[in-house]
Amino acid sequence: MEDDDAIPVVGLHKGVPLEDQQSDARLALVRAEIDHVLNMTDAVALFDYAGDAWHSPESRQLAAAMAESMWAVASETRANRPPIDLDRLRASTAGLGSRRWRDPWRHASLLDVAGGVERERRLVDEG
């Protein structure tokens, strides 16, 4: 069953979905941000990155997933868990990937209070 609230995808970059209604130049920036996140190895840095609305939604979701995975692996292996707040991590990325919460004017969620790169043009209504 398809998720009706999911933002349509125009392709993948290293397995990460790329959201629709972005220019080629914007997608190149998103790909570069995804590459940057994939090279990050510190859970706290990933946590901070995920909470920064100036980064692309795609790379923020990736950073959050990686940080949460690091926390889960540490927990399962009885290692010291990274000092990150999972509730805050999830809250800072809430709305990303959701058509309902997608900001029509910024590359961000409507739940992001500050930040988000302005879109070249307002989103076309999908519904």
Asks: Going by heavy atoms in the side chains, are Leu38 and Lys14 under 4.5 Å from each other?
Replies: yes
Asks: Kindly indicate whether the side chain of Glu58, heavy atoms from C-beta on, has any atom under 4.5 Å from the side chain of Ile34.
Replies: yes
Asks: In Å, rounded to the nearest 0.5 Å, how long is the span from CG of Asp5 to CH2 of Trp101?
Replies: 10.0 Å
Asks: Tell me, which pairs form a salt bridge (Lys or Arg N to Asp or Glu O under 4.0 Å) where one or both residues lie in residues 60-69, sequence neighbours left out?
Replies: Arg60-Asp112, Glu68-Arg90
Asks: Would you say Leu62 and Val30 are hydrophobically clustered, going by side-chain heavy atoms of ILVMFWY under 4.5 Å?
Replies: yes
Asks: So, using side chain to side chain contact (heavy atoms under 4.5 Å, CB included) as the criterion, who are the partners of Ala79 when residues are at least two apart?
Replies: Ala74, Thr77
Asks: Is the closest side-chain heavy-atom distance between Ser75 and Arg81 below 4.5 Å?
Replies: yes
Asks: With the 4.5 Å side-chain cut-off for hydrophobic clustering, are Leu18 and Val37 part of the same group?
Replies: yes
Asks: How many angstroms lie between CG in Asp4 and OG in Ser98, if you round to the nearest 0.5 Å?
Replies: 11.0 Å
Asks: Would you indicate whether the side-chain heavy atoms of Pro57 and Glu19 approach each other to under 4.5 Å?
Replies: yes
Asks: Check for a donor-acceptor pair, side chain of Asp52 on one end and backbone N or O of Asp48 on the other, with a separation under 3.5 Å.
Replies: no
Asks: Might you point out which heavy atoms bring Ala53 and Ala114 nearest each other, and give the distance in Å?
Replies: CB-O, 3.3 Å
Asks: Asp20 pairs by salt bridge (Lys or Arg N to Asp or Glu O under 4.0 Å) with which of Arg26, Arg99, Arg102?
Replies: Arg102
Asks: Which heavy atom of Asp87 sits nearest a heavy atom of Asp85, and at what distance?
Replies: N-OD1, 3.0 Å
Asks: Are the side chains of Leu46 and Val44 in contact, using a 4.5 Å heavy-atom criterion?
Replies: no
Asks: Quick one: does Leu27's side chain get under 4.5 Å of Val10's, heavy atoms only?
Replies: yes
Asks: Indicate the atoms forming the closest heavy-atom contact of Val9 with Pro17, along with that distance.
Replies: CG2-CB, 3.7 Å
Asks: Would a single hydrophobic cluster contain both Met40 and Val16, if residues Ile, Leu, Val, Met, Phe, Trp and Tyr are joined by side-chain heavy-atom contacts under 4.5 Å?
Replies: yes
Asks: Less than 4.5 Å apart, any side-chain heavy atom of Pro82 and any of Asp42?
Replies: no
Asks: Classify the ring geometry of Tyr49 against His36: parallel below 30°, tilted from 30° to 60°, perpendicular beyond 60°.
Replies: tilted
Asks: If you count the non-hydrogen atoms of other residues, nucleotides and ligands that lie under 6.0 Å from CZ in Arg121, is the total more than 12?
Replies: no
Asks: Check whether any side-chain heavy atom of Trp105 lies under 4.5 Å from a side-chain heavy atom of Arg119, and answer yes or no.
Replies: no
Asks: Assess the residue pair Gln61 and Thr93 against the criterion (side chain to side chain donor-acceptor pair (under 3.5 Å)); give the C-alpha distance rounded to whole Å, side-chain angles, the decisive distance to 0.1 Å, and a yes or no.
Replies: CA-CA 7 Å; Gln61 290 176 88; Thr93 56; over 6 Å; no
Asks: Does Ser69 use its side chain to pair, donor to acceptor, with the backbone of Ala65 at less than 3.5 Å?
Replies: yes
Asks: Are Arg106 and Asp103 close enough for a salt bridge, meaning some N to O gap below 4.0 Å?
Replies: yes
Asks: Can you measure from NE2 (His13) to CD (Glu33) and round to the nearest 0.5 angstrom?
Replies: 11.0 Å
Asks: Quick one: name the residues clustered hydrophobically with Leu29, using the 4.5 Å side-chain heavy-atom rule over I, L, V, M, F, W, Y, and just say none if it's on its own.
Replies: none
Asks: Distance from Trp71 atom CH2 to Leu86 atom CG, nearest 0.5 Å?
Replies: 5.0 Å
Asks: Between Ala50 and Ala64, which heavy-atom pair has the shortest distance, and what is it?
Replies: CB-N, 3.8 Å
Asks: Rounded to the nearest 0.5 Å, how far apart are OG of Ser23 and CD of Glu120?
Replies: 3.5 Å
